[in-house]
Structure formats: structure tokens, C-alpha cells
Amino acid sequence: MEDIESISASIHDDITKVKNLKELSTLETLYLGRNGKINELLKKMKDKGPEERKTYGQSVNLIKENFIKLLISKKQALLTTANNDDYIDVTLPGNKYPKGSLHLISVAVEEISRIFEKISFIRVSYPEVEYEFFSFESLNMPKTHAARDDFETSFIQAPQHLQYGKMLLTPHTSSGQVREMWRVGTPPIRMINIAKTYRPNWDATHTPMFFQFEGLCIDTDINITHLKGTLDYFVKAYFGNDIEARLRPHHFQFTEPSFEVDVTCTVCKGTALVDKQRCRVCKSGWLELGGTGMVHPNVLISGKIDPNIYSGWAFGFGIERVIMMKYGIDDIRNYYSGDIRFLEQF
Ligand code: PHE
């Protein structure tokens with residue numbers, strides 16, 4: 001009977017010490033398992049005399065019942081304790097993890113690609129580390145031509161190419177024009193070239209690396225109306241139906257005639273007025289988008305295309321700039337600051 005008493009006494013102690021469901025399950029096996037303490041007691045039945053056997057059996061069963069009762073109430077207690085690690089409340093709201101998303105420039109690159117894809121333009125990208133030839137000579141800007149200064153180019157310290165000259169960080173996506181003419185061979189050409197471009201400026205509206213998208217369309221009988229129609233289509237698709245494009249005479253070496261494109265100011269909607277005051281963003285109702293024009297015959301010749309048969313137009317716009325105009329962002333350095341509070345707004 002000694003065993004019975006000591007086991008009966010230890011049950012209470014053992015159960016009180018249990019801190020979680022795992023320990024409780026270990027204790028359950030210790031007592032109720034096949035080789036558990038209670039079965040060990042039962043195995044001793046056969047050593048008892050007929051009289052003793054009856055009371056012994058009853059005592060062991062009582063211990064077992066008592067243990068099971070304590071086990072169940074302990075389990076209940078553990079399950080309702082709030083700080084118990086094992087307890088899972090399936091009705092609680094789940095943990096919220098921060099969501100990643102595409103950078104606003106990537107989003108714009110995709111958006112612009114889709115807009116031009118719809119009118120059969122093929123998206124390409126050409127080298128950012130480029131030869132002088134493709135950035136300048138092929139675009140009607142011979143060596144020593146003053147127009148090169150406009151592009152404030154960074155040269156790379158690398159051996160010169162015999163034909164194509166020095167290596168540089170391309171200052172504009174126009175360097176893809178002649179490469180595309182060579183790739184396609186015989187027009188029609190409908191290209192949208194999106195790439196990183198470089199000019200050493202750093203202020204609220206310039207970063208030394210920025211993105212441009214360049215459109216190029218060459219075919220027979222292409223004229224300015226096709227250019228204007230495409231620009232109107234683009235500005236409406238990208239900025240909204242109430243936005244228009246206009247052409248203002250300008251000069252580029254690689255287009256003739258050349259223009260700058262303006263679009264209706266997205267802030268004052270072209271009225272030049274905000275609350276009866278002159279619009280501070282545009283002052284005139286128009287915002288400048290970028291350069292465009294009819295491809296210069298010399299550029300077609302560089303591209304091995306006969307200017308007597310074919311004509312075309314090209315434009316080059318800054319991606320950061322169109323995003324800025326669309327959302328009214330006033331400092332383009334935000335794009336590259338990596339500040340998640342800024343990026344999360346898009
Ligand atoms: N490459 C010019 C620039 O970066 C823009 C442009 C492209 C102008 C195509 C005319 C035609 O300023």
C-alpha cells in the first residue's frame with residue numbers, strides 16, 4: 001500500500017508544478033502511459049492475496065480517476081490563461097506585415113510601355129555606357145560642335161573605339177535612334193526606348209542619373225500631324241483626358257524642324273489661375289515636357305535609311321519629370337532618397 005500512498009501524494013504536487021500544455025502531456029504519459037506509474041501499480045495486483053486484491057484494485061482506480069480529473073481541470077486552466085504560449089486564439093486578427101511594392105519609377109516605366117504598346121510601338125533599351133558616335137556624331141553633332149555642350153557629358157576612362165570614339169555615360173536616349181535603325185534595317189520603325197541617362201546636375205528638378213523615354217517613328221509619308229496625334233494620345237492616356245499637348249519651336253541638331261512639347265498644367269488645368277491668383281506651378285497654363293521634332297535627314301543617313309523615301313519623328317522625355325507633373329511632386333531627389341514614407345504614397 002506504500003506505493004499507492006506515495007503516488008497518490010505526488011499527483012497533486014506534479015500537476016501543480018505544470019506550466020504549460022507540453023509539460024502536462026509529458027505528465028499524462030508518466031502516469032497513464034503503457035509503462036506509466038498507474039499501470040505499474042496495476043501490474044502488482046497479481047502479487048496480492050484474494051482479499052487485499054479487491055481493495056487494492058479499488059484504490060488504484062480511484063487514483064486514476066483523481067488524476068484524470070486533475071488533468072482535465074489543469075488543461076482548462078492552461079487554455080484560458082492569456083500568456084500561455086501554447087494557447088492559440090483563432091479569432092484574434094492576424095499579424096500585419098509591411099507590404100513591398102514597385103518603385104514609382106518602375107510603375108511609370110510599365111505604364112508608359114503599355115500606352116505605346118497599344119499603338120504598336122516596340123519597347124527596347126540601349127546601352128547606358130555608350131560610344132560618342134551614337135550619342136553625338138550619328139545625331140548630326142560632329143566633333144567640336146557646340147551643341148554637345150548642352151549635354152554636359154561624363155566620359156569613361158576606357159580605350160577609344162577606332163570608329164565610334166570615346167566611351168561615355170549617355171546623356172540622352174536619342175543614342176538609341178541609330179542603333180534601332182540598324183537593328184530594324186528597312187522601316188517601318190516604331191520604337192519606344194526607355195533607359196537611364198546621365199548629366200552632372202543635382203537640384204530639386206535634376207538628379208545626375210535619370211530616366212528618359214524616347215519615341216521614334218519612321219515610315220513612308222510620316223509628317224508632323226502623326227507626331228502631334230501621338231503626343232495628344234500619350235498625354236491623354238498618361239495624364240488624363242482634360243490634358244492637351246502643344247508644340248513650341250525650338251532647336252535640336254538631330255531634328256528639323258524641332259520643338260519643345262508643353263502640356264496643360266495639371267495644377268490649374270490650363271487656366272493659369274488658382275483661387276484667382278496666377279498659378280505658381282506653371283505661370284502660363286502650360287508645363288514643359290521635353291524635346292521633339294522631325295528626324296533630320298543626316299540622322300536617317302547615319303541609320304542607313306534613304307531620306308528621299310522615308311521620313312520620321314522622334315521625341316525624348318524625362319520619366320521623373322512626367323511623374324512629377326502627374327502627382328505634383330516638387331523635389332525629384334525624393335525618388336532616390338529611399339525614404340519609405342515618400343515611396344509608400346504611390
Ligand atoms: N534628346 C533630347 C534631350 O535629351 C530630346 C529630344 C529627343 C529632342 C528626340 C528631339 C528629338 O534633350
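Order of appearance sets the numbers: ligands from 1, and atoms from 1 within every ligand. Remember, predicted model here, so these are calculated numbers, not experimental data.
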Could you go through ligand 1 and list every pair where one of its N or O atoms sits under 3.5 Å from a protein N or O, giving the atom names and the distance to one decimal?
residue	atom	partner	partner atom	Å
ligand 1	1 (N)	H172	ND1	3.0
ligand 1	1 (N)	S174	OG	2.8
ligand 1	4 (O)	R199	NH2	2.9
ligand 1	4 (O)	Q212	NE2	3.1

Measure the acute angle between the ring planes of W182 and Y164, then classify it against the limits of 30° and 60° as parallel, tilted or perpendicular.
-> tilted

Can R114 and E117 be counted as an ion pair, charged N to O under 4.0 angstrom?
-> yes

For the pair E244 and K269, find out whether any cationic side-chain nitrogen is under 4.0 Å from an anionic carboxylate oxygen.
-> no

Does the distance from a Lys or Arg side-chain N to an Asp or Glu carboxylate O, for K143 and E137, drop under 4.0 Å?
-> yes

Donor + acceptor pair across side chains of E180, Y126 (<3.5 Å) | yes

Looking at V184, I218, V178, which hits side chain to side chain contact (heavy atoms under 4.5 Å, CB included) with I305?
-> I218

